[in-house]
Amino acid sequence: MDRRHVVCAVVVMLVVGIGIGIGIGFVVGRMKAENPESREADEGIRDRIMNEINSNNIRNNLKILTTKPHVAGTENDLSGAQFIQKTWLDQGLDTVKLLPYKVLLQHPPHPTSPDRNKVEIFNPGDPSSKPLFESASREDPFNEEELLQDGIPPPYLAYSATGEVQGDLVFVHYCRVKDLNYLTNTVGINLKDKILIARMSGIPRFNKVKNAEEYGAAGLILYPDPEDYSSWESYPNGTGLPSTAAPRGSILSELGDPLTPGYPSKDYAYRLNVSDAGLPKIIVHPIGYADAKELLSKMEGEQAPRTGTLDIEYRTGPGFKAPYKDHRVRIVINSNTSQHWTYNVMGYLKGEFEPDRYILIGNHRDAWGLGSVDPTSGTACLLELSRVFGKLKQEGWRPRRTIIFGSWGAEEFGLIGSVEYTEEFYMNLVERAVAYLNIDIAVAGSYVLRVSGSPHLANVALDSAKTVRDPSAAFDDKTTLYNTMNVRLTSPGNNSNKNSFREIPMVLGGSDYYGFVFGVGVPTISAFYSYNFYDHWRSFYPLYHTSYETFRLMDELIDPGFKTHQAVAQIFGEMLRRLGDEYILPIDVVAYADYIQRQFDDFKSLNISKEITNHGFSFDYLEGAITNFSIAASNFNDRLKHIDKERVLDVRKVNDQMALLDRAFLDREGLPRLNLQQRIQRHVLFAPTNEHPFPGLYTAMKIEDEELRWQSVDKQLSVLTFTIESAASTLLDVVSW
């Protein structure tokens with residue numbers, strides 16, 4: 001071949017090579033540009049969800065769900081779970097599972113039974129005489145037939161000790177430690193073997209029981225004093241508290257099945273003996289304020305330093321004044337404590353590109369009666385959300401990540417269903433769960449939306465609130481939930497930050513987010529519509545846990561038209577869409593850093609902080625760890641802004657760093673406890689019963705033994721510093737730590 005032919009051949013080969021290269025580049029570029037896994041969320045889905053959520057559907061859901069009582073461990077518990085299961089399958093969810101757990105519950109005798117639970121005033125010197133007083137067997141039904149259903153339990157407090165006790169009565173205000181100390185040390189009353197009567201509010205029920213036990217009381221009566229509730233017109237004409245209303249509830253100090261702490265209550269589970277399960281040791285019973293007045297009005301003793309608003313003279317006791325001096329109080333509790341089946345229902349909508357990353361949304365199904373507020377207003381909204389998302393799936397849309405709908409059993413007895421779930425599926429959740437949305441009560445009032453949750457999800461909740469119109473007729477069509485929160489969640493007289501409302505309080509331990517946040521380290525958002533807390537701040541909504549949570553209560557008195565329910569469903573729908581479908585998770589790690597800094601600033605303002613430094617400890621290392629976390633969070637955000645979104649695995653990597661951040665704040669050993677009855681807590685920043693910053697340090701400072709106290713403070717300061725430093729390292733580039 002001559003030179004000319006060689007040159008021509010080379011030229012041809014170059015041209016062909018360039019052409020092939022251009023072709024391959026074009027194809028690869030097109031494939032890269034059209035890679036479906038790197039798609040952004042379709043913002044049009046937001047409008048579809050908003051427009052599809054229907055207030056009439058939610059109303060119909062609530063009407064069906066409140067036809068019968070649905071107490072955990074009863075036949076209606078199972079039929080309710082099966083109804084949810086069938087509904088979700090009909091709505092088009094991919095998979096629906098019914099998960100049974102056999103757990104320890106307690107139910108009272110029928111109100112007409114001769115063995116019913118009751119409080120009496122009797123004369124022990126005349127055993128043949130009738131009791132002078134006997135507490136009401138049930139709340140006044142006000143001629144409403146649905147309130148006479150057998151499945152509605154009479155007022156009781158679950159897990160009370162059983163039997164009969166009698167003794168002199170002592171009024172102990174809220175039964176706080178300071179109340180009992182005052183009566184013991186200042187008034188000089190020996191509380192041993194006495195029957196105490198206390199107001200419902202002030203501190204959690206189980207704390208009242210624990211305090212009464214520690215002071216040697218034989219029994220405890222709880223009643224709702226009118227001072228702690230609103231002055232609204234009482235049911236059936238209003239939403240206020242009638243005189244016979246007595247809120248039910250659990251007095252269990254631990255959460256989850258009492259017999260299988262830390263592990264799921266499956267058939268194969270090791271179970272504690274009931275006597276070793278930490279149940280209350282004293283008899284406890286609730287009564288209405290009409291019955292409480294009968295007891296309190298007969299008491300002698302000093303004038304109580306703290307009183308309520310019953311039309312009586314509050315006296316401390318012990319015992320009764322003439323002509324009742326020979327009389328005593330007797331409490332009879334014959335509730336049945338035994339194992340029963342309860343059920344979680346889990347519905348799955350499989351994610352299109354990341355099916356192994358889970359966004360969970362849950363509501364508990366059980367109630368103390370008909371439960372139109374707690375929890376069934378939330379259940380009604382959840383079923384409408386599952387319908388809408390199921391319809392979108394049937395029309396061809398799927399979220400990027402898997403959405404899991406949960407209907408929890410036995411929440412009212414101690415968050416049992418959700419805790420058992422997080423225990424059974426801990427390994428799945430700790431590796432794969434991104435966030436948990438909690439919709440317990442959806443609507444308790446019509447004043448403002450109240451949101452709580454993890455600091456790095458605050459932006460998800462608040463930005464979603466900007467997309468939902470406020471349902472109140474007092475505002476125009478342009479007013480959003482966020483606008484109303486800006487105005488109404490600022491305390492009266494404080495006008496600061498009304499245009500920069502970016503913070504929400506952290507959840508405590510009162511609902512089904514507990515197992516996710518404090519057990520697994522999954523961030524959460526919880527929200528509900530409420531009344532004006534600033535005007536009515538002492539207690540929760542007045543009819544809480546009474547039999548009066550009827551469909552009529554909601555339909556006529558709280559949310560006629562169900563527009564408030566619709567707004568709650570819409571904001572949860574938007575949060576679910578964003579977390580489930582946005583390519584880069586809308587999680588703000590800088591907000592978490594800001595939260596930790598605020599905690600540190602708040603802690604330094606406490607007296608115990610000064611005590612710690614005065615004892616020779618320094619916060620320098622802790623402050624340095626917080627600074628390092630803030631720098632790591634800021635640098636992470638900078639990298640996030642410049643990430644190549646076509647590199648799907650790079651996006652997946654940073655998403656996992658954000659989703660798993662909360663796990664880094666769980667301490668392996670758990671925080672210090674003041675006694676064995678206290679729940680084991682692992683999160684170094686949040687505690688379910690403690691609003692104080694840095695709960696481990698705060699608890700350590702409460703240890704009575706001085707040597708043990710300072711040892712614990714030394715350890716907790718080290719643990720807190722290490723944990724924050726360790727959490728900061730999780731935000732570094734994956735090969736830079």
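Just so it is clear, the values below take in all heavy atoms, side chains as well, and ignore hydrogens, waters and symmetry mates. Treat the numbers as computed from the prediction; the structure is a model and nothing was measured.
- If you check the side chains of Asp602 and His692, you find no donor sitting under 3.5 Å from an acceptor.
- Contact check for Pro399 versus Leu349: side-chain heavy atoms found under the 4.5 Å cut-off.
- The closest side-chain heavy-atom distance from Val345 to Val96 is below 4.5 Å.
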In a table with atom names and distances, give each donor-acceptor pair under 3.5 Å that connects a side chain of residues 236-247 to protein atoms at least two apart or in another chain.
residue	atom	partner	partner atom	Å
Thr244	OG1	Asp140	N	3.0
Thr244	OG1	Tyr548	OH	3.3

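- Of all heavy-atom pairs spanning Val448 and Met485, the tightest one is CG2-CA, 3.9 Å.
- No side-chain donor-acceptor contact under 3.5 Å links Glu146 to the backbone of Thr550.
- Side chain of Thr376 to main chain of Val373: no donor-acceptor pair is present (N/O by atom type, distance under 3.5 Å, no hydrogens or angles).
- Exactly one residue among Trp408, Tyr436, Tyr514 makes a ring pair (Phe, Tyr, Trp, His ring centres under 6.0 Å) with Tyr421. That residue is Trp408.
- The side-chain heavy atoms of Val451 and Leu489, taken from C-beta on, include no pair separated by under 4.5 Å.
- Within the 4.5 Å cutoff, side-chain heavy atoms of Asp94 are placed close to those of Arg398.
- Residues Pro375 and Asn363 share a closest heavy-atom pair of O-ND2, 3.1 Å.
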Assess whether side-chain contact (heavy atoms from CB on, under 4.5 Å) is satisfied between Tyr529 and Leu481, documenting all intermediate values. CA-CA 10 Å; Tyr529 231 90; Leu481 298 181; 3.7 Å; yes
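- Separation of atoms SG (Cys381) and CD1 (Ile53) is listed at 8.5 Å; rounding is to 0.5 Å.
- The side-chain heavy atoms of Ile525 and Ile504, taken from C-beta on, include a pair separated by under 4.5 Å.
- Defined by atom type and a distance below 3.5 Å, a donor-acceptor pair is present between the side-chain atoms of Tyr592 and Asp662.
- In this structure a side-chain-to-backbone donor-acceptor pair under 3.5 Å is present from Asp225 to Thr309.
- Counting heavy atoms from C-beta on, the side chains of Ile403 and Lys393 never come closer than 4.5 Å.
- Considering only heavy atoms from C-beta on, Ser547 stays 4.5 Å or farther from Leu370 through its side chain.
- How far OH of Tyr482 is from OG1 of Thr484: 11.5 Å, rounded to the nearest 0.5 Å.
- Within the model, atoms OH of Tyr595 and CZ of Phe600 stand 15.0 Å from one another, a figure rounded to the nearest 0.5 Å.
- Salt-bridge check for Glu412 with Arg248: failed, with every basic side-chain N at 4.0 Å or more from each acidic carboxylate O.
- Judged by distance alone, with hydrogens and angles left aside, the side-chain atoms of Glu384 form a donor-acceptor pair with the main-chain N or O of Asn54 at under 3.5 Å.
- One finds the CG atom of Asn56 at 9.5 Å from the CZ atom of Phe562 (value rounded to the nearest 0.5 Å).
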For a side-chain contact (heavy atoms from CB on, under 4.5 Å) check, start with the C-alpha distance between Tyr358 and Val522, then their side-chain angles and the critical distance, and finish with the verdict. CA-CA 11 Å; Tyr358 310 141; Val522 177; over 6 Å; no
What's the verdict on salt bridge (Lys or Arg N to Asp or Glu O under 4.0 Å) for Asp601 and Arg598, showing C-alpha distance, side-chain angles and the deciding distance? CA-CA 5 Å; Asp601 294 341; Arg598 289 196 304 273; over 6 Å; no
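- Nearest heavy atoms, Gly509 versus Leu255: O-CD1, 4.2 Å.
- To the nearest 0.5 angstrom, Phe518 atom CZ is 9.5 Å from Thr524 atom OG1.
- In this structure a side-chain-to-backbone donor-acceptor pair under 3.5 Å is missing from Asn635 to Ala632.
- Residues Pro695 and Val684 share a closest heavy-atom pair of CD-O, 3.3 Å.
- Across every non-hydrogen atom of Arg663 and Ala433, the tightest pair is NH2-O, 2.7 Å.
- Counted within 6.0 Å of CZ on Arg48, heavy atoms from surrounding residues, nucleotides or ligands total 12 or fewer; the atom is thus considered open.
- In this structure a side-chain-to-backbone donor-acceptor pair under 3.5 Å is present from Arg205 to Ser250.
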Verify side-chain contact (heavy atoms from CB on, under 4.5 Å) between Gln570 and Arg469, making sure each step is shown before the conclusion. CA-CA 9 Å; Gln570 286 172 329; Arg469 190 179 75 82; over 6 Å; no
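- Although no hydrogens or angles enter the test, the distance criterion places no donor-acceptor pair under 3.5 Å between the side chain of Asp470 and the main chain of Asn483.
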Run Asp555 and Lys63 through salt bridge (Lys or Arg N to Asp or Glu O under 4.0 Å) and show every step you take. CA-CA 9 Å; Asp555 192 40; Lys63 188 172 185 179; over 6 Å; no
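- Aromatic ring centroids of Tyr544 and Tyr541 lie under 6.0 Å apart.
- Side-chain polar atoms of Glu139 and Tyr235 form no donor-acceptor pair below 3.5 angstrom.
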Validation: residues 576-589 side-chain donor-acceptor distances under 3.5 Å, sequence neighbours left out:
residue	atom	partner	partner atom	Å
Arg577	NE	Glu574	OE1	2.9
Arg577	NH2	Glu574	OE2	3.0
Arg578	NE	Glu582	OE2	2.8
Asp581	OD1	Arg39	NH1	3.3
Asp581	OD1	Arg39	NH2	2.9
Asp581	OD1	Arg400	N	2.9
Asp581	OD2	Arg39	NH1	3.4
Tyr583	OH	Lys645	O	2.6
Asp588	OD1	Val590	N	3.1
Asp588	OD1	Ala591	N	3.2

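- Among all heavy-atom pairs drawn from Val568 and Ile571, the shortest one is O-CG2, 3.2 Å.
- With a 4.5 Å cut-off on side-chain heavy atoms, Asn57 and Arg387 count as touching.
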Do Val517 and Met506 pass the side-chain contact (heavy atoms from CB on, under 4.5 Å) test, and can you show the C-alpha distance, the side-chain angles, and the key distance before you say yes or no? CA-CA 10 Å; Val517 175; Met506 183 56 194; 3.6 Å; yes
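- A distance-only check finds no donor-acceptor pair linking the side chain of Asp366 to the backbone of Gly409 [under 3.5 Å].
- For Phe665 and Phe629, the ring centers sit closer than 6.0 Å to each other.
- Note: Lys86 NZ to Gln91 CD = 10.5 Å, rounded to the nearest 0.5 Å.
- With hydrogens and angles ignored, the 3.5 Å screen pairs no side-chain donor or acceptor of Arg59 with any backbone N or O of His565.
- Not a single donor-acceptor pair under 3.5 Å links the side chain of His545 to the backbone N or O of Trp368.
- Side-chain contact of Thr87 with Asp90: a donor-acceptor pair under 3.5 Å is absent, judged by distance alone.
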